[in-house]
Colleague: 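One structure coming up, written as structure tokens, with questions to follow.
Order of appearance sets the numbers: ligands from 1, and atoms from 1 within every ligand. Along the sequence shown, residues carry numbers from 1.
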Amino acid sequence: MGKPLYLVKFIIIGSQSVGKSCLLFRFIDNKFKSQSTHTIGVDFSSRVVDIQGKNVKLQIWDTAGQERFRSVVISYYRGSAGVALVYDVTNRESYNHITNWLSDVKSLASPDVTIILVGNKADLTEQREVTFLEASRIAQENGLLFMETSALTGEGVEEMFLKCTRTIMTKIDSGEVNLEHLGVQISSDSGNVTKKPGDSSNCSC
Ligand SMILES: Nc1nc2c(ncn2[C@@H]2O[C@H](COP(=O)(O)OP(=O)(O)OP(=O)(O)O)[C@@H](O)[C@H]2O)c(=O)[nH]1
């Protein structure tokens, strides 16, 4: 049997046009999605990454930022191990909405979820409305990871997803989090044996 594959669900949320779809496209295809249109409901893509020698398949849900899709979007919070909460560094309104997004996550996602606050469009230095320092303070006060990114140049994008996934995997390794609540599954490389952590079949005793 091959190496185990960890299946980790990840969701990208934030106000409309902050660059959620472009961040996902950059992470999956390493290209800038120049003709990005509003997401309708949710889309998803996946990529396998190596985290400290472990194969981790990130199943990443890209959600619509438009308010009219809120009820669809929040139904995807449950079972997410990681959340990227994105704002646009050139749009203070998108930053001001972080508290609303956070209260949704806190009430609907697993208490064990790992959240990374992401300030996107960092390439637009002239139009910047939100400083690195103020956002990093908010992140610290709320126990969030924090990074600035640019889906346009690629700066910070890979590291943002990897940083969040490393934190999730460290919590799993230390037994700090409940895998069932997080929705994390472990399967063989071939994908035909699926074991849930805690299954008696995993016990070698
Ligand atoms: N300069 C710059 N523009 C970006 C960046 N990321 C996204 N954009 C632009 O921002 C706009 C919105 O990007 P999307 O990725 O569609 O935004 P979204 O958050 O997925 O939007 P919704 O689906 O409506 O919620 C597009 O015109 C992108 O070209 C970035 O890092 N830098």
Side-chain angles (χ1 to χ4, degrees), residues 9-47 49 58-78 80-109 113-136 138-139 142 144-165:
K9 203 171 125 190
F10 205 99
I11 187 166
I12 311 178
I13 61 171
S15 300
Q16 65 173 302
S17 303
V18 295
K20 299 180 294 298
S21 302
C22 289
L23 284 168
L24 181 56
F25 199 75
R26 169 63 74 185
F27 182 64
I28 300 290
D29 281 2
N30 198 19
K31 287 189 190 120
F32 183 60
K33 190 181 187 189
S34 52
Q35 303 290 322
S36 188
T37 51
H38 287 304
T39 303
I40 307 294
V42 294
D43 284 336
F44 98 94
S45 295
S46 63
R47 181 178 148 189
V49 293
L58 288 176
Q59 190 183 65
I60 308 170
W61 296 87
D62 171 28
T63 66
Q66 289 175 297
E67 180 60 30
R68 66 193 170 106
F69 295 112
R70 183 173 174 270
S71 59
V72 180
V73 168
I74 61 179
S75 68
Y76 283 80
Y77 288 7
R78 218 160 60 91
S80 291
V83 174
L85 171 47
V86 187
Y87 66 94
D88 172 350
V89 300
T90 72
N91 180 339
R92 180 155 290 274
E93 208 187 325
S94 72
Y95 177 76
N96 292 342
H97 282 144
I98 284 169
T99 41
N100 301 348
W101 290 104
L102 261 184
S103 71
D104 273 356
V105 173
K106 291 198 168 146
S107 59
L108 295 161
V113 74
T114 298
I115 309 168
I116 186 161
L117 180 65
V118 182
N120 190 40
K121 307 195 189 179
D123 56 286
L124 298 174
T125 44
E126 308 267 291
Q127 286 117 282
R128 183 185 275 272
E129 290 183 359
V130 182
T131 66
F132 182 94
L133 197 62
E134 65 182 307
S136 60
I138 284 279
N142 288 281
L144 318 176
L145 302 171
F146 172 61
M147 277 205 69
E148 284 195 346
T149 56
S150 166
L152 178 66
T153 65
E155 180 203 337
V157 178
E158 181 94 0
E159 182 53 20
M160 179 272 279
F161 283 102
L162 296 185
K163 186 175 181 172
C164 197
T165 312

Colleague: Identify the protein heavy atom lying closest to atom 29 (O) of ligand 1, giving its residue, its atom name and the separation to 0.1 Å.
Modeller: F32 CZ, 3.3 Å
Colleague: Which one of S34, A151, G19, S150 has a non-hydrogen atom at the shortest distance from atom 17 (O) of ligand 1?
Modeller: G19
Colleague: Could you tell me, atom by atom, which parts of ligand 1 come under 4.0 Å of a heavy atom of L124?
Modeller: 1 (N)
Colleague: Taking only heavy atoms of N120 into account, list the atoms of ligand 1 that are under 4.0 Å away from them.
Modeller: 5 (C), 6 (N), 31 (O)
Colleague: Numbering the atoms of ligand 1 from 1, which are under 4.0 Å from a heavy atom of H38?
Modeller: 22 (P), 23 (O), 24 (O)
Colleague: Is any side-chain heavy atom of I60 closer than 4.5 Å to one of R47?
Modeller: no
Colleague: Kindly indicate whether the side chain of E129, heavy atoms from C-beta on, has any atom under 4.5 Å from the side chain of Y95.
Modeller: no
Colleague: Please check: side-chain N/O of T114 versus main-chain N/O of G82, any donor-acceptor pairing under 3.5 Å?
Modeller: no
Colleague: Which one of T39, L24, I12, I13 has a non-hydrogen atom at the shortest distance from atom 23 (O) of ligand 1?
Modeller: T39
Colleague: I need the single residue from I28, D29, L23 that forms a side chain to side chain contact (heavy atoms under 4.5 Å, CB included) with F25. Which is it?
Modeller: D29
Colleague: Is any side-chain heavy atom of I115 closer than 4.5 Å to a side-chain heavy atom of L102?
Modeller: yes
Colleague: With heavy-atom distances below 4.5 Å as the criterion, would you say the side chains of T149 and F161 are in contact?
Modeller: no
Colleague: So do the side chains of Y77 and I13 get within less than 4.5 Å of each other, counting heavy atoms only?
Modeller: yes
Colleague: Heavy-atom distances under 4.0 Å are what count here, so tell me which part of V86 touches ligand 1: side chain, backbone, both or neither.
Modeller: neither
Colleague: With atoms numbered from 1 as shown, which atoms in ligand 1 lie under 4.0 angstrom from a non-hydrogen atom of K20?
Modeller: 15 (O), 17 (O), 18 (P), 19 (O), 20 (O), 21 (O), 22 (P), 25 (O)
Colleague: Of all the atoms in ligand 1, which lie at a distance below 4.0 Å from a heavy atom belonging to S36?
Modeller: 14 (P), 15 (O), 16 (O)
Colleague: Looking at L152, which atoms of ligand 1 are within less than 4.0 Å of one of its heavy atoms?
Modeller: 1 (N), 30 (C), 31 (O), 32 (N)
Colleague: Using the ring-ring contact (aromatic ring centres under 6.0 Å, His included) definition, which of the options W61, F44, F69, F10 pairs with Y76?
Modeller: W61
Colleague: In the protein, what heavy atom is nearest to atom 10 (O) of ligand 1, and what distance, to one decimal place, separates them?
Modeller: K121 NZ, 3.0 Å
Colleague: Kindly check if the number of other-residue, nucleotide or ligand heavy atoms within 6.0 Å of CZ (R78) is above 12?
Modeller: no
Colleague: Using non-hydrogen atoms of the residue, decide whether F25 is closer than 4.0 angstrom to ligand 1.
Modeller: no
Colleague: Using a strict cut-off of 4.0 Å, indicate which atoms of ligand 1 neighbour a heavy atom of C22.
Modeller: 6 (N), 7 (C), 13 (O), 15 (O), 28 (C)
Colleague: Is the shortest side-chain heavy-atom distance between K33 and S21 below 4.5 Å?
Modeller: yes
Colleague: Within the 4.0 Å heavy-atom shell around S21, which atoms of ligand 1 are there?
Modeller: 15 (O), 20 (O)
Colleague: N/O to N/O below 3.5 Å, does that happen between A64 and ligand 1?
Modeller: no
Colleague: Backbone or side chain, does any N or O of Q16 fall under 3.5 Å from an N or O of ligand 1?
Modeller: no
Colleague: Taking distance alone, with no angle check, do K33 and ligand 1 share an N/O pair under 3.5 Å?
Modeller: no
Colleague: Going by distance only, is there an N or O of D123 that falls short of 3.5 Å from an N or O of ligand 1?
Modeller: yes
Colleague: Is atom 15 (O) of ligand 1 near the protein, in the sense that some protein heavy atom lies at less than 4.0 Å from it?
Modeller: yes
Colleague: To the nearest 0.5 Å, how far apart are CG in D88 and NZ in K20?
Modeller: 10.0 Å
